[in-house]
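Written out below as structure tokens is the structure these notes cover.
Bear in mind the structure is a predicted one, so any value in this text is a computation, not a measurement.
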Amino acid sequence: MAKYGEGDKRWIVEERPDGTNVHNWHWSETNCLEWSRTFFTNLLSNLVILNGEGNLFIKTTALRNLDGEAYINIRKGKIIPGYEVNLTVSWEGEAKDSEGNSLLKVNGTVEIPYISDENADEDPDIRVTVEDEGPVGKRIKDAMFSKGKGLILEKVRVWVQSMAKGGPVKEELDTKKPLPQPVKQNHAPVATVKAAKSDSVKKEGVVEKKKEGKKGRKNIVLTEKFSCRAKDLYEILMDENRWKGFTQSNAKISKEVGGEFSIFDGSVTGSNLELQEAKLIVQRWRFGSWTDGVQSQVRLVFEEPEPGLTVVKLTHTDVPEEDRYGNATVVENTERGWREHIFQRIRVVFGFGI
């Protein structure tokens, strides 16, 4: 065994004179709490919840406080986020009568008591308070909860995804990525080089074409089985009260072709393109976090190979790879949402599991 200080240098990670943490080999930790305060302040300040719908006007005003801990650990370039935070957001609301006269102005708070990396895939609980608990104040408070919950949780998810990508140290990591090494030139005959170059260009053209075809949009294809009649499953997906039941969120769904729908507290909106009872649902879908103008199409085909067994074939096309905030997990999150928050919840709540 070597004496202390005389170990094999090949196995020793030495401190460099310039202080550089080469390839992030050392364990490094960055406190992200102040960065998170700024991040949430930008996301949650002056967020319009209602702007006249039902003669109600509601918006958030400012991040009141963010407490807890948030940090990013880096080991050999791997990002390991950690956080346990709680936050409070101030909001204000006003109710007016049909002539535009103010009935009541109120102030309140939205509290999220626990956001943790251990529950990164789950939406945290939200508590809404209001200073005036009278009939009108309660109406404004209820509207703040039903309409604001989805919008606020969407912003929280943006922060969670940003932490997963490295938070404030992401740019530092990007600058430390090794540059591509120059390609060594060979001394093949000129004709051979030209031919190889021509073949390379053709191959690269095909690859680029595929990339361009995929860039920006992707498709999700799923096949799910349910122990029920196709008509029952169709009715659940087209009935807003049942949507509210199995998703525990607000929903408004038209059952007519050309009619509009809003689900998951307004996070998803769209319209019906084609409807065939117990056979087909085709809808235009859009998430509120997507870039303006971006829409996708959902096609649900119902098959009943035998009584009591329904097979649903989902094709969700033109799903953007990134949202308006630059998060590149849209396709992954959308597919997980279909599996866990729609199909699996229907099985559990209505007893349609195979």
Side-chain angles (χ1 to χ4, degrees), residues 36-68 85-115 122-160 239-254 259-270 286-290 292 324-325 341:
S36 297
R37 284 197 180 99
T38 302
F39 198 96
F40 275 121
T41 296
N42 293 333
L43 287 178
L44 296 174
S45 297
N46 298 313
L47 180 64
V48 176
I49 308 300
L50 286 175
N51 190 29
E53 296 87 338
N55 293 324
L56 297 178
F57 299 81
I58 304 174
K59 71 172 185 176
T60 64
T61 54
L63 177 71
R64 178 175 291 189
N65 67 272
L66 177 72
D67 296 321
V85 298
N86 64 82
L87 64 83
T88 303
V89 177
S90 301
W91 64 275
E92 61 184 22
E94 182 180 11
K96 295 184 178 181
D97 61 21
S98 58
E99 296 180 355
N101 299 314
S102 179
L103 298 175
L104 180 68
K105 291 183 179 180
V106 297
N107 293 304
T109 62
V110 175
E111 180 184 359
I112 305 181
Y114 189 67
I115 307 173
E122 302 175 9
D123 287 335
D125 292 331
I126 284 186
R127 302 170 185 169
V128 177
T129 67
V130 68
E131 293 178 354
D132 190 322
E133 287 283 1
V136 178
K138 187 176 184 304
R139 177 176 164 232
I140 300 174
K141 174 187 172 183
D142 291 344
M144 175 63 194
F145 183 82
S146 63
K147 298 297 183 180
K149 178 183 176 182
L151 293 174
I152 292 173
L153 288 179
E154 175 189 316
K155 305 303 182 185
V156 173
R157 287 192 289 269
V158 171
W159 175 79
V160 168
D239 184 83
E240 63 183 45
N241 290 322
R242 298 185 191 183
W243 261 94
K244 293 176 183 178
F246 76 82
T247 65
Q248 293 297 294
S249 63
N250 283 327
K252 292 183 178 179
I253 301 175
S254 169
E260 298 182 346
F261 66 87
S262 172
I263 54 179
F264 292 112
D265 293 324
S267 295
V268 179
T269 56
R286 170 176 166 75
F287 287 72
S289 58
W290 291 359
D292 292 344
R324 68 171 72 230
Y325 309 105
H341 302 307

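Of all heavy-atom pairs between Val158 and Tyr325, the closest is CG2-CD1, 3.5 Å. Scanning all heavy atoms of the two residues, the minimum distance from Leu56 to Ala95 falls at CD2-CB, 3.6 Å. Pairing each heavy atom of Glu92 with each of Asn107, the nearest pair is CB-OD1, 3.5 Å. Nearest approach of Asn65 to Asp67, heavy atoms of both residues: ND2-OD2, 3.2 Å. Counting all heavy atoms, side chain and backbone alike, Tyr114 lies closest to Asn86 at N-CB, 4.4 Å. Closest approach of Ile58 to Met144, counting heavy atoms only: CG2-SD, 3.4 Å.
Residue pairs meeting the side chain to side chain donor-acceptor pair (under 3.5 Å) criterion with at least one partner in residues 44-64, sequence neighbours excluded, are Arg64-Ser90. Sorted by first and then second residue, the ring-ring contact (aromatic ring centres under 6.0 Å, His included) pairs with a member in residues 40-63 read Phe40-Trp159; sequence neighbours excluded.
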task: Check step by step if side-chain contact (heavy atoms from CB on, under 4.5 Å) holds for Asp265 and Leu153.
output: CA-CA 10 Å; Asp265 293 324; Leu153 288 179; over 6 Å; no
**OP:** Show the numbers, then the answer: is there a side-chain contact (heavy atoms from CB on, under 4.5 Å) between Arg139 and Val106?
**Re:** CA-CA 11 Å; Arg139 177 176 164 232; Val106 297; over 6 Å; no
Under the criterion side-chain contact (heavy atoms from CB on, under 4.5 Å), I'd like the reasoning laid out for Ile152 against Val89: C-alpha separation, chi angles, the key distance, then a yes or no.
CA-CA 10 Å; Ile152 292 173; Val89 177; 5.7 Å; no
Lys155 and Phe39: side-chain contact (heavy atoms from CB on, under 4.5 Å), yes or no, with the steps? CA-CA 10 Å; Lys155 305 303 182 185; Phe39 198 96; over 6 Å; no
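For Lys244, the NZ atom sits in a packed shell: over 12 heavy atoms of surrounding residues, nucleotides or ligands are nearer than 6.0 Å. For Asn42, the CG atom sits in a packed shell: over 12 heavy atoms of surrounding residues, nucleotides or ligands are nearer than 6.0 Å.
Salt bridge status for Lys141 with Asp132: absent, with no side-chain N to carboxylate O gap under 4.0 Å.
Using a 4.5 Å cut-off on side-chain heavy atoms (C-beta onward), Ser36 and Val85 make no contact. For the pair Val130 and Trp91, the minimum side-chain heavy-atom distance is below 4.5 Å.
Of the inter-residue distances, the one linking Ile115 atom CD1 with Leu87 atom CG reads 4.5 Å to the nearest 0.5 angstrom. The distance from the CD1 atom of Ile112 to the NZ atom of Lys149 is 10.5 Å, given to the nearest 0.5 Å. Rounded to the nearest 0.5 Å, atoms CD1 (Ile140) and CG (Leu104) are 5.0 Å apart. For the atom pair CD1 (Ile49) and CZ (Phe145), the distance works out to 12.5 Å, reported to the nearest 0.5 Å.
Take Asp292 and apply the salt bridge (charged side-chain N to carboxylate O under 4.0 Å, His left out) test, not counting sequence neighbours, and it matches Arg286, Arg324. In this structure, the salt bridge (charged side-chain N to carboxylate O under 4.0 Å, His left out) partners of Lys138, at least two apart in sequence or on a different chain, are Asp142. With sequence neighbours excluded, the residues forming a side chain to side chain contact (heavy atoms under 4.5 Å, CB included) with Glu111 are Thr88, Pro113, Arg127, listed by chain and number. Glu99 is linked by a salt bridge (charged side-chain N to carboxylate O under 4.0 Å, His left out) to nothing, counting only residues two or more places apart in sequence or in another chain.
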